[in-house]
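This is a predicted model, so every value here is computed, not measured.
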Amino acid sequence: AGKEGSPGLFVPVADEIEDAGELPMQQGPERVAAGDVCAALAAVFAGDECELAWIGHDTKRLHACLGERDLALPPAAFDSEIAAFLLDPAAARDLPAIAQQRFGTRIQSFEELAGRGAKATPVEAIEVEALARFAAAQAAAVRDLRAPLVEQLERDGLTALFEQVEMPLTAVLGRVERNGVRIDEATLRALSEEYEAKLATIEARIHELAGETFSVNSPKQLQEILFEKLKLPVVKKTKTGYSTDESVLEQLSFEHELPAQVLAWRRLSKLKSTYLDALPPLVSPRSGRIHPTFLQTGAATGRLASTNPNVQNIPIRTEEGIRIREAFVPAEGRLLLSADYSQVELRILAHYSGDESLIEAFEQGEDIHRRTAAEVAGIDPEDVTADQRARAKAVNFGIIYGSSAFGLANQLGIATGEAQATIDAYFARYQGVRRFLDETIEGAKERGYVTTLLGRRRYLPDLASRNRVLRQAAERMAVNTVIQGSEADLIKRAMVELDAAIDDEGLGALLILQVHDELVFEVPEDEAERLTRLARERMRGVHRLRVPLEVDVGLGRSWREAH
């Protein structure tokens, strides 16, 4: 059985399963206890020299589930979900859909077997015979999919990424989920009360600016205040009236204070509801920790996603968001260690573009944003102001994310013409970057897809669209995927190599979180120095770029302190 009621699945692959140990068989319709299943599997995979391979679908879930019962399986030899994801990140990855696509074979989904949502039949209440037929069909589908999917992985140049990174990562992520993260509920309660008071203060200011009380959380009432009472300009229309989304409020903030206050209220309210109030109920009574679920196939770029909670979305640009990290703490006698790639996206950009100025800046360990500001303005780096550096930083990252002059102007609070002039000056100085962007988009149009450092693919059919908006969005995705997908390649390989190195050195450190470019470990205090060395060494060496990879390592009694 897997999490959320969905059965796990494994298929032993061996000519004679008896060679790997006797597998007890349950006769008749009786149910088999979880402990008996684990004992049977332990017998099958017993011994360090066991060469029995196993395959499945969503094998990470099985690693996590069995790991909770102290059974560690070796990494699977094949996972049909991972294979299908690598072949086309946009395609459906559930097993029935893959079987239908590949063979035209229809197999029953778990929802068809048990039902959906609150009305779904609990697994333990489903007839054994029905479960057996379901499991057999699933196992047969995985078996039949293995050969054609492996063949296509080889044909598309994805075998190394599949076998050396993604498949070992399933076992690593299973352990990360099982490890979990300790949180300080007292800190969360204190922050929740503090933020509640701040929200009340902001709301009072909003009502003062509006000249009346209204529900700040009501788009309809906010529309009336902004566009009917205050007569602010309409930025965007919707089917139900005038938009009050974040981009609209950001633009209106230049016209009036009230939209800025509404933005502040929304952001703080979301932090409170999403994390401060939502984390305590997620604490496991058994472990006393939260156990985020990491989605290996959650993003088309290859980046990991997470749910329950979504740790990837904890803000780090605002003090209120950063303070949430104070509640993530280690067990007694341990520390949290944060190992974070420094400016990895810009280093990948320097690698691909081959731009001499960018490469030189990274090789010499310069402040890349200060260097950019100086290059664009034609001044010495020591003469760069804080405002110029902030503007250069926005341009550096805006290039990666495909920001337009309009978007950059909104972000920096400057005129669109001034933003365009800044972008033009940037490309005039960094011609290698301009060449990389143009060649990436043209190559993607010719092939229909882009690739990353390790060969990961993303297909972008809208590059050929006649719709200008769709086509331009696909062009932005092309560049973004090369950068962020390569970033995902690096951090995933680092996770696999560090996990193996920790085991080889016999350390008691636990990998507990992966967030963007950062790995977070819980480490015994007397191992902190060794893990610091190991993390820097392995993360720097995962792939050779034209510029050095740098890793910032911090230690602390909380995630905030470590970061």
Side-chain angles (χ1 to χ4, degrees), residues 301-303 339-385 388-403 408 421-444 450-456 475-476 478-494 497 516-518 535-553:
T301 58
R303 286 179 126 186
D340 193 2
Y341 277 121
S342 173
Q343 299 177 329
V344 65
E345 291 170 321
L346 294 177
R347 292 173 190 272
I348 292 170
L349 177 63
H351 170 78
Y352 272 112
S353 69
D355 189 276
E356 293 180 2
S357 187
L358 276 181
I359 291 174
E360 182 184 13
F362 281 121
E363 285 180 340
Q364 295 182 3
E366 295 183 33
D367 179 335
I368 188 63
H369 304 309
R370 182 172 296 277
R371 170 71 175 259
T372 298
E375 293 274 7
V376 171
I379 60 178
D380 292 331
E382 57 267 23
D383 294 331
V384 170
T385 66
Q388 287 174 317
R389 184 186 182 280
R391 184 177 297 192
K393 182 176 181 179
V395 174
N396 275 331
F397 286 107
I399 295 301
I400 297 172
Y401 296 111
S403 292
L408 184 63
T422 301
I423 293 173
D424 291 343
Y426 176 94
F427 283 130
R429 188 64 190 85
Y430 295 104
Q431 295 182 20
V433 175
R434 176 76 274 171
R435 184 171 58 252
F436 159 68
L437 299 180
D438 293 341
E439 290 177 354
T440 297
I441 292 170
E442 287 307 309
V450 290
T451 59
T452 66
L453 282 171
L454 300 186
R456 188 184 305 276
E475 290 174 357
R476 290 192 296 272
V479 174
N480 181 255
T481 297
V482 172
I483 302 295
Q484 287 202 348
S486 295
E487 173 194 6
D489 291 349
L490 297 178
I491 198 72
K492 284 181 172 181
R493 176 174 274 179
E497 294 192 6
H516 303 312
D517 312 324
E518 178 184 11
R536 282 205 175 102
E537 175 186 295
R538 295 307 173 99
M539 290 178 72
R540 285 171 174 169
V542 290
H543 195 87
R544 185 173 182 82
L545 301 181
R546 295 186 187 184
V547 297
L549 284 169
E550 291 299 331
V551 180
D552 297 323
V553 179

Is [X] reaching over with its side chain to a backbone N or O of [Y], donor-acceptor style, under 3.5 angstrom?
X      : Y      : answer
Lys393 : Ala373 : no
Gln388 : Thr385 : yes
Arg370 : Val384 : yes
Tyr352 : Leu453 : yes
Arg371 : Glu366 : no
Thr481 : Gly485 : no

When you look at CD of Glu356, are more than 12 heavy atoms from neighbouring residues, nucleotides or ligands closer to it than 6.0 Å? no
Show the numbers, then the answer: is there a salt bridge (charged side-chain N to carboxylate O under 4.0 Å, His left out) between Arg434 and Asp355? CA-CA 9 Å; Arg434 176 76 274 171; Asp355 189 276; over 6 Å; no
Supply the atom-to-atom distance [X] [atom1] to [Y] [atom2], rounded to the nearest 0.5 angstrom.
X      : Y      : atom1 : atom2 : result
Glu475 : Glu442 : CD    : CD    : 8.0 Å
Gln484 : Arg456 : CD    : CZ    : 12.0 Å
Ile348 : His543 : CD1   : NE2   : 9.5 Å
Arg389 : Ile368 : CZ    : CD1   : 10.0 Å
Arg540 : Tyr341 : CZ    : OH    : 10.5 Å
Ser353 : Tyr430 : OG    : OH    : 10.0 Å

Under-4.0 Å salt bridge between Arg347 and Glu550: no
Identify whether the distance between the nearest side-chain nitrogen and carboxylate oxygen of Glu375 and Arg429 falls below 4.0 Å. yes
Between His369 and Asn396, does any side-chain donor sit less than 3.5 Å from a side-chain acceptor?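 Side-chain D/A pair, His369 to Asn396: present.
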For [X] and [Y], work out which heavy atoms get closest and say how close.
X      : Y      : result
Ile359 : Val547 : CA-CG1, 3.8 Å
Ala374 : Asp380 : CB-C, 4.1 Å
Leu358 : Ala350 : CB-CB, 4.0 Å

Side chain proximity check, [X] to [Y], heavy atoms < 4.5 angstrom:
X      : Y      : value
Val551 : Asp340 : no
Glu363 : Arg546 : no
Val395 : Thr372 : no
Met539 : Leu549 : no

How far apart are the C-alpha atoms of Ile483 and Leu349, what are their side-chain angles, what is the distance that settles it, and do they pass the side-chain contact (heavy atoms from CB on, under 4.5 Å) test? CA-CA 7 Å; Ile483 302 295; Leu349 177 63; 4.2 Å; yes
